[in-house]
Every structure is written in C-alpha cells, then in structure tokens.
2 protein chains.
Amino acid sequence: MKNIERTIKSDKLYQGKIINLRIDTVELPDQKYSKREIVEHPGAVAVIPITEDNKIVMVKQYRKSVEEYLLEVPAGKLEIGEEPLDCAKRELLEETGYKSDNLQYIFKFYTSPGFCNETISIFLAKDLIVDVAQPDEDEYIEIEKYDIDELIEKINKEEIKDAKTIISILYIKNYLK
Amino acid sequence: MKNIERTIKSDKLYQGKIINLRIDTVELPDQKYSKREIVEHPGAVAVIPITEDNKIVMVKQYRKSVEEYLLEVPAGKLEIGEEPLDCAKRELLEETGYKSDNLQYIFKFYTSPGFCNETISIFLAKDLIVDVAQPDEDEYIEIEKYDIDELIEKINKEEIKDAKTIISILYIKNYLK
C-alpha cells in the first residue's frame, strides 16, 4: 500500500522540552486536502521488573495531565542518542533502585498513533539486585510490589489505567502461564 | 495521597481541531517549580467486533503521525457531549459497516498520561449485523478479519503496533479462554 497522505506543508507550532507540535497539510487520493495535528515525542521504554517470587515492582506517581496518582510499571523517555535497552536499565535503577543485567526485549508499540508518534519499547527485567533509587529532581515516586493476579484485578477494577502498564501486565500474565 | 503538583500558571499554546496544548507551571513539595507540557484530547473509544465464528473485525488505515499503515481495532474520537457507548456504535458502523446492539463495556485507560489526558474506553461488540460503512470523508479504511491467535502472533511479530489494539487483543485472548 502506498503512502496516501502526501505532505503539502508542515508548520512547526511548538518545540518543547519533551514534545513538539506540528500541523501537516496533506493531499488525499481524491485531491482533497486535510490537516493533521501531530505531536512529536522522543520515544520511551517501559520495564516489567519481576522478582524471584514472581512479584512485579510497580511505581506510583502523580500525573499532572490527568490530575491523579497512577500505578505504573517503571518507565521513562529516551535521552538523545540513547538505546532503548540502556534507557530501560537506567530508568529501572532511577525509579525503583533495582539493577538488572538480564533485560529481555518484548515488543514496542505506538501509544496513540492517531496524533502522536510516541513509541514505547517494553523490556522484562529479571535477576534484580538491590541498589539505590535515583529519581529525577522533579519526580516523587513510591514503590509497590504485587502478584500478577492482583494487577489483573486492578486492571478490571480500573485501578490501573495506564496503557503501557496494562499491556505489560496482560502480556506477562500470558507469558507466565 | 494529596495533589503534590499545585498549578501556579497555565498557558494555552494551541487550540486545535482534535487536540489542545498547554504548559502548566507547577509547584512541587520542596517549593521547586517545574513545567508540564500537556496535550488535551477529547477522549475516544475502541471496539472489539467479534463475529459468531470468533473472528475479530479489524481496520487498516494510514497514520500520518508514524507514516505507515496500521492494523487496528475500529476506534474514534468522542464528539462533543457524546457518550462512549454511542460513539462506539457510531464508529463501528462508520468504519466497518457492522451494526450491533450488543456492546459490552470492558474498561478504559489513558494512552500516555506522562503528557496527555486522552482516555480510551473499550467495548466488546457481538451479534454483528451487516450494514453499510460510512467513513469520514478524509478516512480511507480497509476491513480485514482475523482469528485471535493470528492477532496474537501479529503482536509478537510487531505487525500490530497500536496500544489500544494490543490491549484489546490481549484482553480478549484471556476472555475467550
């Protein structure tokens, strides 16, 4: 299938700390034009840290965009030039205080491709070693550990609401069967 | 847990067709300040249309943000004042040409709460009746039907990359067991 949305014009409206915003004018197959609002994001990783007794290490933090605390898997944005695997190790240590040299790539996905190019790569982290958490200076994070089935229940009760976390937990539920 | 990010200032940078962008200046517990880039989104629904022989009706469409065709579950944005259930019925018909009066709400989630308030509510649609698809004038959509296990394989091979679709398929895989 060929690209059916040829870019006629691209206007950069905002260049920010984490995201950029641009408006593309595209030509459609019937020669009509349409506008596409596009949020550019550097990409991110999510980590599923699993302990020897099959508990998942989760982080709870305040999310300004939705004005509530969310229970999530550890995650973070890619720094410039950073490989996803290195980012996963770094974010695991920073947010949870665990180190691991046994990270296994699972898959990556787009969070909301209707308007945003953000990709999240998921890693499974085993053989966790206790170290010291090093959160960013504007991050306030609490660590909690749960069994998979507790997390599945939290998804069904909408106590877990974050896409990367739901994907990670549903995946690992199948994986551990 | 109390709200630890008090809004000091909120600047609206862009009011668009689908999304808005604002920058909030927040005060953190240690009296430091930080900026939060926030994309406002009206919310959306996703539908898992399942046929009597357990096939899932999928849509393939070009996504400008990531410059590729994606295989997804039918989905769409909420119109102003529209209930998620009504939106799910409408999008199912518009995108696939199927009607259903048997839609079951599953759960909702945030696509990327680090910077965006988008919520997607997922519905399971059964008892599908053939009608006529009515795509929006700037939508070009192809319909394809798959078994669940084919879709699971496509997730593992990264041929399905969209968060709402991965969540829907992993959920339904567990549900149908």
Side-chain angles (χ1 to χ4, degrees), chain A residues 1 3-5 7 13-14 16-19 21 23-24 26 28-29 32 34-39 41 44 60 62-67 69-70 72 75 77 107-120 137-138 140 152 155-156 158 160-164 166-167 170-171 173-174, chain B residues 1 3-5 7 13-14 16-19 21 23-24 26 28-29 32 34-39 41 44 60 62-67 69-70 72 75 77 107-120 137-138 140 152 155-156 158 160-164 166-167 170-171 173-174:
Chain A
M1 293 165 95
N3 176 346
I4 60 163
E5 298 196 358
T7 307
L13 297 200
Y14 174 75
K17 196 173 64 169
I18 295 166
I19 56 173
L21 174 65
I23 312 291
D24 284 0
V26 297
L28 301 173
K32 279 185 195 151
S34 192
K35 302 268 187 189
R36 301 287 182 236
E37 299 167 336
I38 294 171
V39 173
H41 187 284
K60 188 179 265 183
Y62 187 76
R63 292 299 199 177
K64 183 64 187 171
S65 70
V66 294
E67 303 271 343
Y69 285 84
L70 296 184
E72 304 177 23
K77 288 174 299 294
F107 55 65
K108 60 179 180 296
F109 64 91
Y110 297 126
T111 52
S112 197
F115 71 93
C116 180
N117 70 350
E118 182 186 17
T119 300
I120 297 184
E137 66 171 14
D138 65 348
Y140 294 80
I152 292 285
I155 293 171
N156 289 325
E158 297 188 347
I160 288 177
K161 309 180 184 181
D162 165 55
K164 66 181 175 298
I166 295 173
I167 288 173
L170 292 178
Y171 177 86
K173 171 71 180 172
N174 278 305
Chain B
M1 293 166 95
N3 176 346
I4 60 163
E5 298 196 357
T7 306
L13 296 200
Y14 174 75
K17 196 173 62 168
I18 295 167
I19 55 173
L21 173 65
I23 313 290
D24 283 359
V26 297
L28 302 173
K32 280 185 193 149
S34 191
K35 302 268 188 189
R36 301 285 184 238
E37 298 167 338
I38 294 171
V39 172
H41 186 285
K60 188 179 263 183
Y62 188 75
R63 292 299 198 176
K64 183 65 189 171
S65 70
V66 295
E67 303 271 344
Y69 286 83
L70 295 184
E72 304 177 24
K77 288 174 299 295
F107 55 66
K108 61 180 181 293
F109 63 91
Y110 297 126
T111 53
S112 197
F115 70 93
C116 180
N117 71 350
E118 182 186 16
T119 300
I120 298 184
E137 66 169 15
D138 64 349
Y140 294 81
I152 292 285
I155 294 172
N156 290 325
E158 296 187 349
I160 288 176
K161 310 180 184 181
D162 164 55
K164 66 181 175 296
I166 295 174
I167 289 173
L170 292 178
Y171 177 87
K173 171 73 178 170
N174 278 305

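Values reported hereafter were calculated over all heavy atoms of this structure, with side chains retained and with hydrogens, waters and symmetry mates removed. All chains are named by letter (A, B, ...) in the order of the sequence lines, taking the proteins before the strands, and each is independently numbered beginning at 1.
Interface remark: of the candidates Ala44(B), Gly16(B), Ala163(B), Ala163(B) forms the most heavy-atom pairs closer than 4.5 Å to chain A. Most heavy-atom pairs under 4.5 Å with chain B, from the set Asn117(A), Ile120(A), Asn156(A): that is Asn117(A). Of the listed residues (Glu72(B), Lys35(B), Glu118(B)), the greatest number of heavy-atom pairs within a distance under 4.5 Å of chain A belongs to Glu118(B).
Atom OG of Ser65(A) is separated from atom CD of Glu5(B) by 10.0 Å, given to the nearest 0.5 angstrom. With values rounded to the nearest 0.5 angstrom, Lys64(A) atom NZ is found 11.0 Å from Ser34(B) atom OG. Rounding to the nearest 0.5 Å gives a distance of 10.5 Å between NZ of Lys164(B) and CD1 of Ile167(A). A distance of 11.0 Å separates CD1 in Ile38(A) from CZ in Arg63(B), rounded to the nearest 0.5 Å. With values rounded to the nearest 0.5 angstrom, Glu37(B) atom CD is found 5.0 Å from Ile19(A) atom CD1. In this structure, the separation between NZ on Lys173(B) and NZ on Lys173(A) is 13.5 Å, given to the nearest 0.5 Å.
Using a 4.5 Å heavy-atom threshold, the side chains of Ile4(A) and Tyr69(B) count as touching. For the pair Val39(B) and Phe115(A), the minimum side-chain heavy-atom distance is below 4.5 Å.
Between the Glu158(A) side chain and the Phe107(B) main chain, no donor and acceptor come within less than 3.5 Å of each other.
Only the side chain of Leu21(B) comes within contact range of chain A, with heavy atoms under 4.5 Å apart. When heavy atoms are compared at a cutoff of 4.5 Å, Asp162(B) approaches chain A by way of both its backbone and its side chain. At a 4.5 Å heavy-atom cutoff, the contact between Tyr14(B) and chain A is made by side-chain atoms alone. For Leu13(B), the part sitting under 4.5 Å from any heavy atom of chain A is the side chain, from C-beta outward, and nothing else. Contacts between Lys32(A) and chain B at a heavy-atom distance below 4.5 Å involve the side chain alone, from C-beta outward. Only the side chain of Leu70(A) comes within less than 4.5 Å of a heavy atom of chain B; its backbone N, CA, C and O stay farther away. Residue contact with chain B, scored on non-hydrogen atoms closer than 4.5 Å, involves the backbone and the side chain of Leu170(A) alike. Only the side chain of Ile23(B) comes within less than 4.5 Å of a heavy atom of chain A; its backbone N, CA, C and O stay farther away.
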*Determine, stepwise, if the pair Ile155(B) / Tyr171(A) fulfils side chain to side chain contact (heavy atoms under 4.5 Å, CB included).*
CA-CA 10 Å; Ile155(B) 294 172; Tyr171(A) 177 86; 5.9 Å; no
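Closest approach of Cys116(A) to Val66(B), counting heavy atoms only: O-CG1, 4.2 Å.
Checked by atom type, the side-chain pair Thr119(A)/Lys161(B) shows no donor-acceptor distance below 3.5 Å.
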